[in-house]
Asks: 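First, the structure itself, so that you have it in front of you.
Only this structure's heavy atoms are used, side chains among them; waters, hydrogens and symmetry mates stay out.
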Amino acid sequence: MEITRAIVIAVAVAVGLVVYRRIMGAPESGGSARAEREARALGLLPASRQNTMLAAPDPELERALVAVSARGDWEPAARLMAATRERRDWSRRSRYAVALGEVAAEGDGMWLEAWEAALPQDPDAAVVRASSTVSLAWLLRGGAWAKDTSAERFAGFFEVLPRSRGEIARAAELCPEDPTPYVIEIYTALGLNYPHKKMHRIWQEITDRAPHHPRAHRSALQYWCAKWHGSEELAVRFARVAAESAPPGALLRTLPLLAWWEHHDDKAKARDYRAPELVALVDAALADVAAARPDHPDLPSARHLLAFFLTRQGRFEAALEQFRLVDGYVGAFPWGSYADPAAVYCHWRDKAVRGAGGR
């Protein structure tokens, strides 16, 4: 498949496509008009007003995304990325690189080409380029299981994804202290079936630079899951070791919850969510969130996860407390695992509202 044709297909399938994850149907509503009224009375927003790209407000990122997508103006994005590098804010940098890369993959990407032409040795443009190529490849593949993915989609995927290896290497060379290129490479490793030994080498590059990087840990957990290149045992072990070795407030105590969800959610019953060991994992994550600094860039994502698990455990008031803090932005796990993230988010949020009695 020609690259130009691949890009056309990517644009066609971008709308409504979940990147990096299989698309799942939303659960049956189970809600009520009363719950919706109670949610609105609490100042909570309807599904139509939920931002499905971001996990929380980020005015600088939002302005940069609007500038590149609406006007082709790359300079706000360049300033944003440069600031993360200068501050060595690696968690925020990887989030911004992924967001900008997705926008470049879903559009014509001319703004990124203009950025590269103006600043050919810019490490920030280089890491966004690598992210964009990985995003484009996964957009081409689609979110379905392998058995449900067409040969044409796979052809586009395997034509584009290998390009990311050279781009990742270049981004790493231009900014040697930055873990972001290696974080991006985890999704190259998923798609190109890196063996465990090679994945361990990538992981060493990341942890040498940022030992408690939340996005890196969440991404690596996918590699170790049974659906990719590991097993439930390997994923649970990876999550447990990371959670136990991280300092309070690093937000890695959510990893065991993610590992559990990946291997149990599809077949779990309500009582499974209330198992004592799972309640203990939620309590540990709550303590981690309480210890995190208020401006931690991954704090909203942790709150989204807790809101879901707390609701499933019937701890409605605690869940509603988390929902209040993130409402309006649903670009986070687990909502992003579904075809209609806003609808799924409101389903569980309104359940928490009902359970808490509208308080």
Asks: Measuring from atom OG1 of Thr207 to atom NE2 of His212, what distance do you get when rounded to the nearest 0.5 angstrom?
Replies: 9.5 Å
Asks: Decide side chain to side chain donor-acceptor pair (under 3.5 Å) for Asp124 and Tyr96; before the verdict, give the C-alpha distance in whole Å, the side-chain angles of both, and the deciding distance to 0.1 Å.
Replies: CA-CA 10 Å; Asp124 308 320; Tyr96 289 174; over 6 Å; no
Asks: Using the rule given for side chain to side chain contact (heavy atoms under 4.5 Å, CB included), can you reason through Tyr273 versus Val279, listing the C-alpha separation, both sets of side-chain angles and the distance that settles it, and then say yes or no?
Replies: CA-CA 8 Å; Tyr273 275 91; Val279 171; over 6 Å; no
Asks: Looking only at heavy atoms, which two atoms of Leu252 and Pro256 are closest? And how far apart?
Replies: O-CD, 3.9 Å
Asks: Could you walk me through whether Ser69 and Trp111 pass the side chain to side chain contact (heavy atoms under 4.5 Å, CB included) check?
Replies: CA-CA 8 Å; Ser69 59; Trp111 59 269; over 6 Å; no
Asks: Would you check if the side chain of Ser164 reaches a backbone N or O of Val160 as a donor-acceptor pair within less than 3.5 Å?
Replies: no
Asks: Within the distance-only criterion (no hydrogens, no angle test), does the side chain of Ser219 pair as donor or acceptor with the backbone N or O of Ala216 below 3.5 angstrom?
Replies: no
Asks: Could you check, using the six-membered ring where one of them is a Trp, whether Trp224 and His200 have ring centers closer than 6.0 angstrom?
Replies: yes
Asks: So, Phe308 versus Trp348, ring centres under 6.0 angstrom or not?
Replies: yes
Asks: Kindly compute the distance separating OG1 (Thr180) from CD1 (Ile184), expressed to the nearest 0.5 Å.
Replies: 6.5 Å
Asks: Only counting residues at least two apart or in another chain, list the ones meeting ring pair (Phe, Tyr, Trp, His ring centres under 6.0 Å) with Trp90.
Replies: none
Asks: Working to the nearest 0.5 Å, report the span between CD of Gln322 and CZ of Arg315.
Replies: 10.5 Å
Asks: Verify, without hydrogens or angle tests, whether Arg209 (side chain) and Glu205 (backbone) share a donor-acceptor contact under 3.5 angstrom.
Replies: yes
Asks: Take Val68 and Asp73 through the test side chain to side chain contact (heavy atoms under 4.5 Å, CB included) and record every step on the way to the result.
Replies: CA-CA 5 Å; Val68 298; Asp73 180 5; over 6 Å; no
Asks: Give a yes or no on this: more than 12 heavy atoms of other residues, nucleotides or ligands lie within 6.0 Å of atom CZ of Arg49.
Replies: no
Asks: Leu45 and Leu42: same hydrophobic cluster, using ILVMFWY side-chain contacts below 4.5 Å?
Replies: no
Asks: Do Val236 and Leu258 land in one hydrophobic cluster if side-chain heavy atoms of ILVMFWY residues count as linked below 4.5 Å?
Replies: no
Asks: Provide the closest heavy-atom pair for Asp122 versus Leu174 in the form atom of the first, atom of the second, distance.
Replies: O-CD1, 4.1 Å
Asks: Do Leu221 and Phe238 come within less than 4.5 Å of each other through their side chains, counting heavy atoms only?
Replies: yes
Asks: Does any non-hydrogen side-chain atom of Val353 lie less than 4.5 Å from one of Leu320?
Replies: yes
Asks: Determine the sole option in Asp327, Asp350, Thr52, Asp340 for which the side chain to side chain donor-acceptor pair (under 3.5 Å) test with Tyr345 is passed.
Replies: Asp327
Asks: Do any N or O atoms from the side chain of Arg253 and from the backbone of Ala284 form a donor-acceptor pair under 3.5 angstrom?
Replies: no
Asks: Answer with yes or no after comparing the ring centroid distance for Trp203 and His213 against a 6.0 Å cut-off, counting only values under it.
Replies: no
Asks: Mind checking the CG-CG spacing from Leu306 to Leu257? Nearest 0.5 Å is all I need.
Replies: 7.0 Å
Asks: If you count heavy atoms of other groups shown closer than 6.0 angstrom to CD of Glu60, is the number above 12?
Replies: no
Asks: For His263 and Ala259, indicate whether the former's side chain and the latter's backbone hold a donor-acceptor pair under 3.5 Å.
Replies: yes
Asks: Quick one: NE2 on His347 to OH on Tyr338, what's the gap to the nearest 0.5 Å?
Replies: 9.0 Å
Asks: Does Gln50 use its side chain to pair, donor to acceptor, with the backbone of Gly328 at less than 3.5 Å?
Replies: yes
Asks: Output every pair passing salt bridge (charged side-chain N to carboxylate O under 4.0 Å, His left out) with a member in residues 167-185, not counting sequence neighbours, ordered by first then second residue.
Replies: Arg93-Asp178
Asks: Using the six-membered ring wherever Trp is involved, compare the ring planes of Phe158 and Phe154 and label them parallel, tilted or perpendicular (cut-offs 30° and 60°).
Replies: parallel
Asks: Hey, does the side chain of Tyr329 reach the backbone of Met53 with a donor-acceptor pair shorter than 3.5 angstrom?
Replies: no
Asks: Classify the ring geometry of Phe309 against Trp260: parallel below 30°, tilted from 30° to 60°, perpendicular beyond 60°.
Replies: perpendicular
Asks: Treating Asp298 as the side-chain partner and Pro214 as the backbone partner, does any N or O pair qualify as donor plus acceptor under 3.5 Å?
Replies: no
Asks: Tell me if a side-chain donor or acceptor on His304 pairs with a main-chain N or O of Ala55 at a distance below 3.5 Å.
Replies: yes
Asks: Hey, does Gln222 have a side-chain heavy atom less than 4.5 Å from the side chain of Lys227?
Replies: yes
Asks: Please check: side-chain N/O of Ser132 versus main-chain N/O of Val128, any donor-acceptor pairing under 3.5 Å?
Replies: no
